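These values consider heavy atoms only, across backbone and side chains, with no hydrogens, waters or symmetry-generated copies. It should be emphasised that the depicted structure is a prediction, and the values quoted were computed from it without experimental measurement. Proteins come first, then strands; the chains are lettered A, B, ... in the order of their sequence lines, and each starts at number 1.
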Amino acid sequence: MIEMDEKLYPFDKIEPKWQKFWRDKKLFNVDTKNYTDKYYCLMMFPYPSAALHVGHGRNYIIGDVVARYKMMRGFNVLTPMGFDAFGLPAENAAIKGGIHPKTSTLNNINTMKRQLNQWGVEYDWDRVVISCLPEYYKWTQWIFVKLYEKGLAYKKKAFVNWCPSCKTVLANEQVVNGKCERCDSVVTQKDLEQWFFKITHYADRLLQDLGKLTEWPERVKTMQANWIGKSEGVEIDFKIENFSEVLRCFTTRVDTIYGATFIALAPEHPLVDKLIKGVKDEAAVSKAVGKMRDESKIDRSQANVEKEGVFTGRFVINPVNSKKIPIWVSNYILMEYGTGAIMAVPAHDERDFEFAKKYKLPIEVVIDDPKNHLNAVTMKEAYVGEGVMVNSDKFSGLKSVDAVKKIADYFEDKKFGKRSVQYKLRDWLISRQRYWGAPIPIIYCPKCGTVAVPDKDLPVLLPENVEFRPTGESPLKAAKNFVSTKCPKCNGPAARDTDTMDTFVDSSWYFLRYITPHLNDKPFDTDLVNKWLPVDQYIGGIEHAILHLLYSRFITKFLHDIKMTAFDEPFKNLFTQGMIIKDGAKMSKSKGNVVSPDKLIADYGADTVRLYTLFIGPPEKDAEWSDRGAEGAYRFLGRVWRLVEKVHSLQPAGNNNKEATKEAESLRRKLHQTIKKVTEDLDGGFHFNTAISAIMELVNEAYDYMAKSKNGSGSEIFKEAVKSLIMLLSPFVPHIAEEMWQATGGSGSIFKCKWPQYNEAFITEKVITIPIQINGKLRSRIEVDTDISEEALKMAVLSEDKTKNWIGGKEVKKIIIIPKKLVNVIIP
RNA sequence: GCCGAGGUGGCGGAACUGGCAUACGCGUCGGUCUCAAAAACCGAUUUCCUCACGGAUAUGAGGGUUCAACUCCCUCCCUCGGCACCA
């Protein structure tokens, strides 16, 4: 621990002073109507929790650096902040502690604002958006109504994910490994009537348009593509023997149709009951099916459940060869995917193979592996690869990849089936049986049925005096004054919907509200929004790769379709920062490994915490927090402070670069190299760690210069270096930078200044050191003029002492010269 | 199983388009200052051999391409993240 009696510099006086300055001068406020070059820098708005730790800070610090840097590059930077303020934690805390969610949420918001301020992270606070306030959720409800009007919000009864601990339903995206994303309880299935948004309507566009998002991290796009899960195949209609109905199956491997030896149905398939009625062992079959149906109510994907099945006693006819194929019911078929029925080809599908082995069903090879011929009797696993068609009538001999297309054509021609596309993506379940959310703006009228609340009656206010203990039923049901209302159509008595919306609905459009946050006749102003969006830079955690980012893209596309926005992708650049971990684990109260910024800021100042957070490693990767490392950042700032103290005034800045000593040239070169490096690191990506290390090198060089040169800190080049140094540091450590800027004669805010420029001419050296390799191994170095000719360089190298020794009179076979880089001499 | 990211000193990590591996920081060791300590400053620090000069050796493992490989190719191992009975 550094002894804290004496501070390396008076950060405790500096930091509050400049925080107040920025706010008083409204440095971060922007007029969205008047601007020249806009830059929308957005950080994912947080859920208002009681206290932030240094891990949370990373997101805001990165965003603040970007905003300040862009400001110095001359942009009108919009950097707003808000709060994703509805949600379960506040409600759960209220149940425990008896404080109303609204009270605790608004308190937490104040705490967070104070913490952000302490970090020196600044926003245009005039635009704050708080999703739990009626002026905001009015428009969340409005979006719901628009979706409803377009048929994209609908209610249906379905098996849905149910968290027994949160006592509410969950969207598919909120179930992680069969557990509740929030509380880790095992999720069960319940047959309930719920509200859905038809995100599947946009499945293909959501997938296709990932291609437009060239500035998004590859992994996020991959995750979304996996989640949407598109597969192309064929739906085949099988005639059922002795029935008028057909059985429709989806397959991506229509090339294996001749190898189908059984059909498998999901236990919930609507035809199952009809099929088994009147068969020989009806009672036994029915019992087996019933058992599978019960089991399927717990999430089957949870564990690798043993495949079970039962023969229905019925058959379909294979359209290609009129063979009879038995119909089975099995637990490995999911009703939610495809048609809930498959043609099983054991020879070429792992699952079908496993099932066929267990129930001794026939296995027929129809695609042969040219390298290793298959044998249906001896094969130990399904062959799922490509190959040559066999036992497939007129298709035999074709390559299986080609047969896929040919057979699909044949099927469409003969009307046996048609091409079809399936997605894993499910509609978004958005109703919740909880209190702390935006009420669903729907009224049920005995005469008129389901009626959306008209725009003029929005918002549907969330009543405050409600008993909101979770019972599994919506707490709003008990609020009689809320429930009973009049039908907007017939004015007769009617009842309100008592569910609230998933908080991910709130957060799927907030970035649009920031542009015109106080409008009360529209959710946002379309003209202005079209000017400011898409967001230039979005910054947030990878945990939102699917949920929030997919939902926001969906809602944006919908708003685009109803002509509310001109763009259909909300975020142009996306940056996902890694987590900061401690003792090998994510920081959490329960693990007791939370690093609080409060003590660190008290001991070393906010600039130190910022600098270390940025220096810790590449920001997109997880990083381990080290208190010692933070001390190093503090030491560095002390070192900078003392360096700047040597200089009384930088004004007027000397741009005479007359001093031609070796030291001066070296410092000048380092300075311009550093400006270049830092600029490129900030423009080309988020390479804060390497930008900072470059600045550290410049500081080292400046100290070196002071020790070695005659003029020391009085020289023009030294002043110039210090002036640029302060500017280069300013986005990272804004408080100390402003203070040093002022102390050396700068006026106003440093963030109103222009970012330093580098001059390539100062970077190139007159003399460079070229490494000499003998047979690829470094053996010596030589100092030569930068613009030396290859011939002269060759001569110089060959006459260099060490090199001569290494060559030792042997024949030089070849010399490879990479200009300005290296020379490699090849000898036997 | 499939997809994605990654594996470099005691630690966090650098290395452009194949061209001096280990920048910068932390830690450790030594020194300066001091009565002493802390802070600060200066120096050393891949590993091994050598008093030293110097040499050998190293980017998960093994092969390959090349004058030259952390970087490209092949085989394999490990870590992390996502998806997963998706027909």
Q: Validate the cation-pi geometry between A:Lys230 and A:Tyr423: distance from NZ or CZ to the six-membered ring centre under 6.0 Å, angle to the ring axis within 45°.
A: no
Q: State the pairing partner of B:C16; accept Watson-Crick or G-U wobble contacts with both distances under 3.5 Å, and report none otherwise.
A: none
Q. B:G81 pairs with which nucleotide, Watson-Crick or G-U wobble, both distances below 3.5 Å?
A. B:C3
Q) With a 4.0 Å cut-off on heavy atoms, is A:Lys777 in touch with a base, just the backbone sugar-phosphate, or nothing at all? A) sugar-phosphate
Q) Contact class for A:Ser626 (heavy atom, under 4.0 Å): base, sugar-phosphate, or nothing? A) nothing
(Q) I need the CD-P distance between A:Glu701 and B:C42, as an integer number of Å. (A) 13 Å
Q.
What's A:Ile616 touching, base or sugar-phosphate or nothing? Going by heavy atoms closer than 4.0 Å.
A. sugar-phosphate
Q: May I ask you to test the A:Leu213-A:Lys221 pair for a side-chain heavy-atom distance under 4.5 Å?
A: yes
Q: Give none if B:U28 has no partner; otherwise give the nucleotide forming a Watson-Crick or G-U wobble pair with it, both distances under 3.5 Å.
A: B:A44
**Q.** Protein-nucleotide distance (A:Glu697, atom CD; B:G25, atom P), rounded to Å
**A.** 8 Å
Q: Both distances under 3.5 Å, Watson-Crick or G-U wobble: report the partner of B:C51, or none.
A: none
Q | Phosphate-side-chain proximity, A:Arg779 and B:G54, N/O vs OP1/OP2 below 4.0 Å | A | no
**Q.** Distance, rounded to the nearest Å, where A:Ile695 contributes CD1 and B:C24 contributes C1'
**A.** 12 Å
Q: Provide the Watson-Crick or G-U wobble partner of B:A87, both distances under 3.5 Å; none if there is no partner.
A: none
Q. RNA chain B: A:Arg253 or A:Arg219, which has the more 5' nearest nucleotide?
A. A:Arg219
(Q) In terms of relative ring orientation, are A:Tyr332 and A:Phe355 parallel, tilted or perpendicular, with 30° and 60° separating the classes? (A) tilted
Q | Value in whole Å for how far the C1' atom of B:A38 lies from CD of A:Glu631 | A | 13 Å
Q. Nearest 0.5 Å, what's the OH-CD1 distance between A:Tyr612 and A:Ile580?
A. 8.0 Å
(Q) Assuming nearest nucleotide by heavy-atom distance, tell me which of A:Thr252 and A:Ser693 is located more 5' along RNA chain B. (A) A:Ser693
Q. At under 4.0 Å between heavy atoms, what does A:Ser231 touch on the DNA or RNA strands: base, sugar-phosphate, or nothing?
A. sugar-phosphate
Q) Roughly how many Å is it from CD1 in A:Ile816 to C1' in B:A69, rounded to a whole number? A) 14 Å
**Q.** Closest listed nucleotide, where the reference is the side chain of A:Asn226 and the choices are B:C24, B:C41, B:G82
**A.** B:G82
Q.
Which nucleotide, if any, forms a Watson-Crick or G-U wobble pair with B:C35, using both distances under 3.5 Å?
A. none
Q.
Taking only side-chain N and O atoms of A:Arg635, does any of them lie within less than 4.0 angstrom of OP1 or OP2 on B:C41?
A. no
(Q) Looking at the base of B:C67, is there any donor atom on it, or on the side chain of A:Asn824, that sits under 3.5 Å from an acceptor on the other one? (A) yes
**Q.** Minimum-distance nucleotide (side-chain atoms of A:Pro618 versus B:A15, B:C41, B:G13)
**A.** B:G13
Q: Quickly work out the A:Leu778 CG to B:G55 C1' distance and round it to whole Å.
A: 13 Å
Q. Which of these nucleotides, B:C83, B:A40, B:C3, is closest to any side-chain atom of A:Leu8?
A. B:A40
Q. Regarding A:Asn59 and A:Gln577, is there a side-chain donor-to-acceptor distance under 3.5 Å anywhere?
A. yes
Q. What is the glycosidic conformation of B:G9: syn, defined as within 90° of 0, or anti?
A. syn
(Q) I need the NZ-P distance between A:Lys814 and B:U66, as an integer number of Å. (A) 11 Å
Q) Expressed in whole Å, how much space separates the P atoms belonging to B:C78 and B:A44? A) 41 Å
**Q.** Interatomic distance at C1', B:C70 relative to B:G60, whole Å
**A.** 12 Å
Q: Under 4.0 Å between any heavy atoms, over every strand shown, what does A:Asp352 touch: base, sugar-phosphate, or nothing? Just pick one.
A: nothing
Q. Across all strands shown, which nucleotide pairs with B:C70 by Watson-Crick or G-U wobble geometry, both distances under 3.5 Å?
A. none
Q. Do A:Tyr758 and A:Thr674 touch side chain to side chain, with heavy atoms closer than 4.5 Å?
A. no
(Q) Taking atom types as they are modelled, would you say the side chain of A:Lys307 forms a donor-acceptor pair with the base of B:C85 within the 3.5 Å cutoff? (A) yes
Q: Using the P atom as the reference point in each nucleotide, state the distance between B:U46 and B:G54 in Å, no decimals.
A: 15 Å
Q: Starting from P on B:G81, measure out to CD on A:Glu543 and report it in whole angstrom.
A: 13 Å
Q.
Counting only Watson-Crick pairs (N1-N3 plus N6-O4 or O6-N4) and G-U wobbles (N1-O2, O6-N3), all under 3.5 Å, who is the partner of B:A21?
A. none
Q: Examine A:Phe504 together with A:Trp428 and report whether their ring centres are nearer than 6.0 Å.
A: no
